[in-house]
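These notes are about the structure you will find just below.
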Amino acid sequence: MTLSICTAQLNFVVGDMPGNAQKIIAAAREAHAQGARLLLTPELAICGYAAEDLFLRPAFMAACDDAVKTVARETAGLKGLAIVLGHPQALAPDAPAFSACHNAASVLRGGRIELTYAKRELPNYQVFDERRYFVAGSAPCVFEVEGVRVGLLICEDAWFAAPARDAAAAGAQMLAVINASPFHLGKSAEREATMRERVAETGLPLVYAHLVGGQDEVVFEGRSFALNADGSVAGRGPGFEEKLVFAHVHQAQAAIKIEADIAPEKSLEADLWDALVLGVRDYVGKNGFPGALLGLSGGIDSALVLAIAVDALGADKVRTVMMPSPYTADISWIDARDMATRMGVRYDEISIKPQFEAFKAALAHDFAGLAEDTTEENLQARIRGTLLMALSNKFGAIVLTTGNKSEMSTGYCTLYGDMAGGFAVIKDVAKTRVFDLARWRNANDPYGTGASPIPERIITRPPSAELRPDQKDQDSLPPYEVLDAIVARYMENDEPIESIIASGFARADVERVTRLIKLNEYKRRQAPVGIRVTRRSFGKDWRYPITNKFRA
């Protein structure tokens, strides 16, 4: 006996219940036509993940319920097909205002809801806030398709032993896990390793159905997979693209074996690039912007953001503006022009010298007798931010900011200046990794938009904000190799200061970097949302008070 399972690895839009329902219905029809008799949709597919405080609105929950009924009704004629549909399920009307629903999955068959399972393990760490909205379930769920008993789990359930064990005890012969698990570097391998533990504990094969797409700061990479009872990979879908992924379950006596295609694995840099491209494409597209624009400085950060934006949106939807100041080196505008030409994007130059001189003249009386300092540097950054936002307001394109994680950590950025914009593409990418990605992109052309887009000199010259004569980043910061390592240990991994020093870092560097991280919380609170690609980003992962006397 063979059961064909289809995983609907699809990209949903939060709050677009009618659109999401139609996408699921189309997938069900296609899967059924290709012989599938079980369709797995991702976690909360009907409303998108994560809908956050929308779950607290009765009208939203009613719209979700209507969409579930639409899917059931429109797929009623797909004979023999069972659909596992992820959706929120409201509790009784007299439930408390918060935590008033289940994170649920229903089995639809023949136009009706056959049974509903409530997620048991509710994550409340990193980017997750599920205990704010959901009440945990307690009972296992096992249903039968074509003679195979399937135990249903939802995402976090499979990171703990009990739900899978209870499904096995309830008679499951295989596990189906539907998921919305955000991407960070290395997460795919972690998932497969953890699911392999569930397989080893239960002796059951497993199919892992995963969401794909960008939602605000998080990205879901797809890469749905299947494991056989011995823990071997039976199948794996592609990463960062929509796909109906089919797996064939063969049952002989009590033994079950899964067969499917196995997509090749990619390098860390390729995964990171795909995540950033998908994050930009979905943020711009799902929010209805006609395109994007950015300040192109001739430096490494804006060069990398331009390459990502073109891969995400196409050259015709990206505009660049070079805004030279009195301190801009000739090689900066030469390299900026060169890159814009290589990428085929619109390129304009707007000198900020007149505005800069006008600001200084307006402030001359108050600043009389005082030396120039970061005040004048910030004026230049803020003039550029004002110009970019004016172009954004006039033409509708979103401003992509170009600051990286190293700068966000230490406050090496200007409020209402280079931080001005709508989406922070490399907000979670450390400076050392910026250079790695630039070299990788010059050696690879994954989206066919042009080989070697970044002029080599942009990669090899010392980084500079070019806001004063002969300025270099390392005038104000430790070497990036040192800075980024300290940030990773302290900010991403919560390592104590004394432990970082004991591992070989200079006390002065550790004290300086951790002090800057603490002092600049107020800036990060006012920064645009950006794409999360590490285990801990400056976003939902990082919730520190601004007014705070404690330093770990």
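These numbers come from a predicted model, not from an experiment.
Using a 4.0 Å cut-off between charged nitrogen and carboxylate oxygen, R337 and E349 count as a salt-bridge pair. A salt bridge is absent between D335 and R342; no separation between the charged side-chain nitrogens and carboxylate oxygens falls under 4.0 Å. Ion pairing between a basic and an acidic side chain is recognised when a charged N comes within 4.0 Å of a carboxylate O; R441 and D445 show such pairing. Note on R536 versus E492: no salt bridge recorded, every NZ/NE/NH1/NH2 to OD/OE distance being 4.0 Å or above. Taking the charged nitrogens against the carboxylate oxygens, E357 and K353 have no contact shorter than 4.0 Å, which rules out a salt bridge. Look at E192 and K187 and you find no salt bridge, because none of the NZ, NE, NH1 or NH2 atoms lies under 4.0 Å from a carboxylate O. K540 and E52 are joined by a salt bridge, as a carboxylate oxygen and a charged side-chain nitrogen come within less than 4.0 angstrom of each other. Ion pairing between E377 and R382 fails under the 4.0 Å rule for side-chain N and carboxylate O. Ion pairing of R535 with D541 is absent here, as no side-chain N (NZ or NE/NH1/NH2) approaches a carboxylate O to less than 4.0 Å.
Heavy atoms from other residues, nucleotides or ligands lying under 6.0 Å from CZ of R433 number 12 at most. Other residues, nucleotides and ligands contribute at most 12 non-hydrogen atoms within 6.0 Å of the NZ atom of K243. Surrounding CZ of R457 are more than 12 heavy atoms belonging to other residues, nucleotides or ligands, all under 6.0 Å away.
Although no hydrogens or angles enter the test, the distance criterion places no donor-acceptor pair under 3.5 Å between the side chain of D129 and the main chain of R132. Between the side chain of S537 and the main chain of V533, no donor-acceptor pair closer than 3.5 Å is present. In this structure a side-chain-to-backbone donor-acceptor pair under 3.5 Å is missing from E217 to I531. Counting only distance, with no hydrogens or angles, the side chain of N124 and the backbone of R131 share a donor-acceptor pair below 3.5 Å. In this structure, S409 contributes its side chain and K405 its backbone to a donor-acceptor pair below 3.5 Å. In this structure, the side chain of K427 engages the main chain of P528 through a donor-acceptor pair within 3.5 Å. Proximity of a side-chain donor or acceptor of E130 to a complementary backbone N or O of L122 within less than 3.5 Å is not detected. Judged purely by atom type and a 3.5 angstrom limit, K523 uses its side chain to pair as donor or acceptor with the backbone of G411. Between the side chain of H210 and the backbone N or O of G222 there is at least one donor-acceptor pair closer than 3.5 Å. In this structure, the side chain of S302 does not engage the main chain of T402 through any donor-acceptor pair within 3.5 Å.
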Point to revise | Steps toward side chain to side chain donor-acceptor pair (under 3.5 Å) verdict (D311, T449) | key: CA-CA 6 Å; D311 278 4; T449 59; 2.3 Å; yes
Review point. Under the salt bridge (charged side-chain N to carboxylate O under 4.0 Å, His left out) criterion, do E511 and R515 qualify, and how do the steps go?
Key: CA-CA 6 Å; E511 292 282 357; R515 177 176 177 272; over 6 Å; no
Point to revise | Pair D509-F505, side-chain contact (heavy atoms from CB on, under 4.5 Å): steps then yes or no | key: CA-CA 7 Å; D509 287 337; F505 291 90; 5.7 Å; no
Review point. Can Y327 and E376 be said to form a side chain to side chain donor-acceptor pair (under 3.5 Å), step by step?
Key: CA-CA 12 Å; Y327 308 113; E376 286 74 18; over 6 Å; no
Exercise for review: Apply salt bridge (charged side-chain N to carboxylate O under 4.0 Å, His left out) to R223 and D271, showing your working.
Suggested key: CA-CA 11 Å; R223 203 170 275 141; D271 267 1; 2.7 Å; yes
Exercise for review: Begin with the C-alpha distance, continue with both residues' side-chain angles, and end with the deciding distance and a verdict on side chain to side chain donor-acceptor pair (under 3.5 Å) for E481 and T432.
Suggested key: CA-CA 6 Å; E481 293 78 8; T432 48; over 6 Å; no
Point to revise | Working for side chain to side chain donor-acceptor pair (under 3.5 Å), residues Y480 and N404 | key: CA-CA 12 Å; Y480 280 117; N404 59 62; 5.5 Å; no
Taking distance alone, no hydrogens or angles, what donor-acceptor pairs closer than 3.5 Å link side-chain atoms of residues 313-321 to residues at least two apart or in another chain?
| residue | atom | partner | partner atom | Å |
| --- | --- | --- | --- | --- |
| R319 | NE | D348 | OD2 | 3.0 |
| R319 | NH2 | D348 | OD2 | 3.1 |
| T320 | OG1 | R346 | O | 2.8 |

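Scanning all heavy atoms of the two residues, the minimum distance from R191 to P182 falls at NH2-O, 3.5 Å. In this structure, F128 and P123 approach most closely via the heavy-atom pair CB-O, 3.4 Å. Of all heavy-atom pairs spanning G48 and N20, the tightest one is N-ND2, 3.9 Å. Shortest non-hydrogen contact noted between P42 and A8 is CD-O, 3.3 Å. Residue R532 comes nearest to F183 through the heavy atom pair NH1-O, 3.3 Å, listed as atom of the first residue, atom of the second, then distance. Taking each heavy atom of M61 and P88 in turn, the nearest pair found is CE-CB, 3.7 Å.
For F423 and F289, the distance between ring centers is not under 6.0 angstrom. A centroid separation of 6.0 Å or more is found between the aromatic rings of F240 and F220. A ring-centre distance under 6.0 Å is not found for F356 and F359.
Y133 and N103 share no donor-acceptor pair across their side chains, judged by distance under 3.5 Å alone.
Cation-pi check for R524 over F538 is met; the charged atom lies under 6.0 angstrom from the ring centroid and within 45 degrees of its normal.
Counting only heavy atoms from C-beta outward, the side chains of I178 and L211 never approach each other to under 4.5 Å. The shortest side-chain heavy-atom distance between V482 and V513 does not fall under the 4.5 Å cut-off.
The line from CG of L185 to CG of D428 is 8.5 Å long, rounded to the nearest 0.5 Å. Note that CG of D436 and CG of L304 are 10.5 Å apart. Values are rounded to the nearest 0.5 Å. Taking CG of L388 as the start and CG of N393 as the end, the distance is 11.0 Å to the nearest 0.5 Å. Here the CG atom belonging to L379 is positioned 11.5 Å from the OG atom belonging to S325, to the nearest 0.5 angstrom. Between the CG atom of L294 and the OG atom of S392 there is a distance of 12.0 Å, given to the nearest 0.5 Å. Rounded to the nearest 0.5 Å, atoms CD (E407) and CG (D418) are 7.0 Å apart.
Below 30°, between 30° and 60°, or above 60°: for Y544 and W542 the angle between ring planes is below 30°, a parallel geometry.
The only member of Q215, K286, E241 that meets side-chain hydrogen bond (donor to acceptor under 3.5 Å, both in side chains) when paired with N11 is K286.
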